Participant: 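Encoded as structure tokens, here's the structure I'll be asking about.
Because the structure is a prediction, the values reported are computed rather than measured. Atom set for the values below is all heavy atoms of this structure, side chains included, hydrogens, waters and symmetry mates excluded.
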Amino acid sequence: MFSVRRRGVARLAAATVVSGLVAAGAIAVAGPAVADESSTNGGGVDATLGQLVDVGKIDIKVKHDGKEEIEAYNGGLFNLNVKGGGALKAYCIDLFTGTEAGTTYKEVGWDESTLHDNKNAGKIRWILQHSYPEVNDLDALAKKADAKSLTKDTAAAATQAAIWHYSDNVEATPQDDDAEKLTKYLLAEAEKAPQLSEPTASLEVSPTSLAGKSGSRLGPAKVTTNAAKGATKVSLVPGAPEGVKVVDKDGKAVTSVDDGDEIYLDVPAGAGDGSAKVKLQASTKASIGRAFASTTKERKQTLILAGSSESTVSAQIEATWAKQGPVPAVDFKENCAEGGVDVTVSNKGDEDWVFELGGVKHTIAAGKSKTVTVPVAEDAAYKYTITGPNGFEKVVEGVLDCKTSTPGPKPSETPAPSQSPATGGTTAGGTTGSTTGGGDLAETGSSNATPMIAGIAVALVAIGGGAMFFLRKKKAAGQ
């Protein structure tokens, strides 16, 4: 038999206060300032996490010391605000990792996310396409699931529970009876449905770094986008040297591109050593099922897109050229299959280029290129600065986020102050937890600690606390 664990009163009180704020949609945290340039290496959507808007309780079976227990989580749908305009809705696909309002996120491919080795990623996409909010006729959805009725909260909780089944390999059961019926329906239908492929990027360009000699055509860079024909605009970023222009393979100047197009940078003969940036921008709806990874130095939970308004998406290409000597270009992409970062370096000049990466010196002969995979530990932040002639500098930076977390250790009945969610838990996503991985909102029902809970609530409001959602944070190495 499985039972919900009981915790200390202090932990229960703090978690209950925060849970109430989340459920009421009362938390609004301003996101950090975002630079003008896209934070995404290859382009796409940049967004800031907002509120958990539709939410319900979900029971999760977990193991502690070999014993199976049930812990209750808040699960549901998030809002994200798109940089440049637009709004997204997303679900969590990393149950036991925390996040918080104001966290910045970027659109990434499945191979750069926790879905890279998930054989059921296509089934998650099927669920997203056949449930709330993509299907917003809740009466029709209830009828399919043989449920009496569904609200936005119960539909979102049911959908999140079904997604967690495939993303985190857990048994997830909504506490609401009708929500449970919808979860069972979605899982049964997803099992019968064919695996869906990864959706197209909203906007992506590769490579993002070009190099060559003055008087030559630098490129090509290939564009991938789901934007409408002619909707992706291309322009030089102000400050480009005179005479430099963006062209197609025939040398014709271009101001817009479509999916599959290739573009070049034409540098006139006689141009001095220099550099330029090319901006690509479009307005489109990001594809349901695209993964979103945080851009913070500390790992946050991965999200998956469930809905999108018309949103602004962008990408950028950096180009350098010189009359003689080495002319470097650097691109990078996280390689979850290999547990590291692929750094692709090329030398379009006429002399060898020697550079250092991760403490190791490399030599790239003139006209050659190679890809170096730098090992990075899971959840670790990485930053490498690669330099070259004529002031060339490329920063390779991010956090490797390739695996879903596992439940942390069972917390003590009377947690130390440093373990309390009120003093360090970080959450959003629709689940609850603490810095040690303990699930706290399993006990947010009736309690004889109500007077203390009310007192803590007043205190938190008074000091402006409660600005974070609380989710289980993955146990860090050595914690």
Participant: If we ignore hydrogens and angles and just use 3.5 Å, is the side chain of N136 paired with the main-chain N or O of P133 as donor and acceptor?
Facilitator: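 Such a contact is absent between N136 side chain and P133 backbone.
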
Participant: Can you tell me if S369 and S346 form a side-chain donor-acceptor pair at under 3.5 Å?
Facilitator: no

Participant: CG/D261 to CG/D248 distance, rounded to the nearest 0.5 angstrom?
Facilitator: 8.5 Å

Participant: Would you please say whether a donor-acceptor pair under 3.5 Å links the side chains of T302 and Y105?
Facilitator: no

Participant: Has K285 got a side-chain atom pairing as donor or acceptor with E310's backbone, closer than 3.5 angstrom?
Facilitator: no

Participant: Give a yes-or-no answer on whether the side chains of T320 and S275 include a donor-acceptor pair shorter than 3.5 Å.
Facilitator: no

Participant: As a quick check of understanding, evaluate side-chain hydrogen bond (donor to acceptor under 3.5 Å, both in side chains) for T344 and T371, giving each step before the final call.
Facilitator: CA-CA 4 Å; T344 300; T371 298; 2.9 Å; yes

Participant: Evaluate the criterion side-chain contact (heavy atoms from CB on, under 4.5 Å) for residue pair Q316 and T208; output intermediate values, then yes/no.
Facilitator: CA-CA 7 Å; Q316 186 169 269; T208 62; over 6 Å; no

Participant: Please round to the nearest 0.5 Å and tell me the distance separating atom CG of L305 and atom CZ of F292.
Facilitator: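 It comes to 5.0 Å.
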
Participant: Less than 4.5 Å apart, any side-chain heavy atom of I263 and any of V257?
Facilitator: yes

Participant: Are the side chains of L88 and S311 in contact, using a 4.5 Å heavy-atom criterion?
Facilitator: yes

Participant: Between N347 (side chain only) and P328 (backbone N and O only), is there a donor and an acceptor less than 3.5 Å apart?
Facilitator: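 A pair under 3.5 Å: no.
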
Participant: Do any N or O atoms from the side chain of R299 and from the backbone of A380 form a donor-acceptor pair under 3.5 angstrom?
Facilitator: no

Participant: Quick one: are W321 and L218 in side-chain contact, heavy atoms under 4.5 Å?
Facilitator: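 A side-chain contact exists here, since the closest heavy-atom pair is under 4.5 Å.
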
Participant: When you look at CG of N169, are more than 12 heavy atoms from neighbouring residues, nucleotides or ligands closer to it than 6.0 Å?
Facilitator: no

Participant: Counting C-beta onward and ignoring hydrogens, is there a side-chain heavy-atom pair between L203 and T284 closer than 4.5 Å?
Facilitator: no

Participant: With no hydrogens and no angle check, do the side chains of Q281 and T312 hold a donor and an acceptor under 3.5 Å apart?
Facilitator: no

Participant: Do any N or O atoms from the side chain of D331 and from the backbone of S209 form a donor-acceptor pair under 3.5 angstrom?
Facilitator: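 Judged by distance alone, yes, a pair lies under 3.5 Å.
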
Participant: Any side-chain donor-acceptor pair under 3.5 Å between T103 and T296?
Facilitator: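 Distance-only check fails for T103 and T296.
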
Participant: Determine yes or no for a side-chain-to-main-chain donor-acceptor pair under 3.5 angstrom, with D54 supplying the side chain and G76 the backbone.
Facilitator: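 No.
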
Participant: For a quick check under 3.5 Å, do N226 and S202 share a side-chain donor-acceptor pair by atom type?
Facilitator: no

Participant: Using a 3.5 Å distance criterion without hydrogens, assess whether the side chain of N120 forms a donor-acceptor pair with backbone atoms of K123.
Facilitator: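 Between the backbone of K123 and the side chain of N120 there is no qualifying donor-acceptor contact (under 3.5 Å).
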
Participant: May I ask you to test the I124-I304 pair for a side-chain heavy-atom distance under 4.5 Å?
Facilitator: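 Yes. Closest side-chain heavy atoms under 4.5 Å.
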
Participant: Looking only at side-chain N and O atoms, does T114 offer a donor or acceptor that is under 3.5 Å from a partner on D94?
Facilitator: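 No - no donor-acceptor pair under 3.5 Å links their side chains.
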
Participant: Counting neighbours of CD on E262 that are heavy atoms of other residues, nucleotides or ligands and sit closer than 6.0 Å, is the number greater than 12?
Facilitator: yes

Participant: Could you tell me if the side chain of K213 sits less than 4.5 Å from the side chain of D350, heavy atoms only?
Facilitator: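 SC-SC contact between D350 and K213 confirmed.
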
Participant: Apply the test side-chain hydrogen bond (donor to acceptor under 3.5 Å, both in side chains) to residues Y132 and Q160: give CA-CA distance (whole Å), side-chain angles for both, the deciding distance (0.1 Å), then the verdict.
Facilitator: CA-CA 10 Å; Y132 177 75; Q160 179 66 89; over 6 Å; no

Participant: In the structure I gave you, are the side-chain heavy atoms of K370 and V345 within less than 4.5 Å of one another anywhere?
Facilitator: yes

Participant: Say whether, by atom type as modelled, one donor and one acceptor occur between the side chain of H130 and the main chain of W126 under 3.5 angstrom.
Facilitator: yes

Participant: Report yes or no: does K300 contribute a side-chain atom to a donor-acceptor pair with the main-chain N or O of K297 at less than 3.5 Å?
Facilitator: no

Participant: Where does the angle between the aromatic ring planes of Y73 and W164 fall among parallel (under 30°), tilted (30 to 60°) and perpendicular (over 60°)?
Facilitator: perpendicular

Participant: With a 3.5 Å distance limit and no angle check, can you tell me whether D153 reaches the backbone of V55 through a side-chain donor-acceptor pair?
Facilitator: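 Yes; judged by distance alone, with no hydrogens or angles, the pair exists.
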
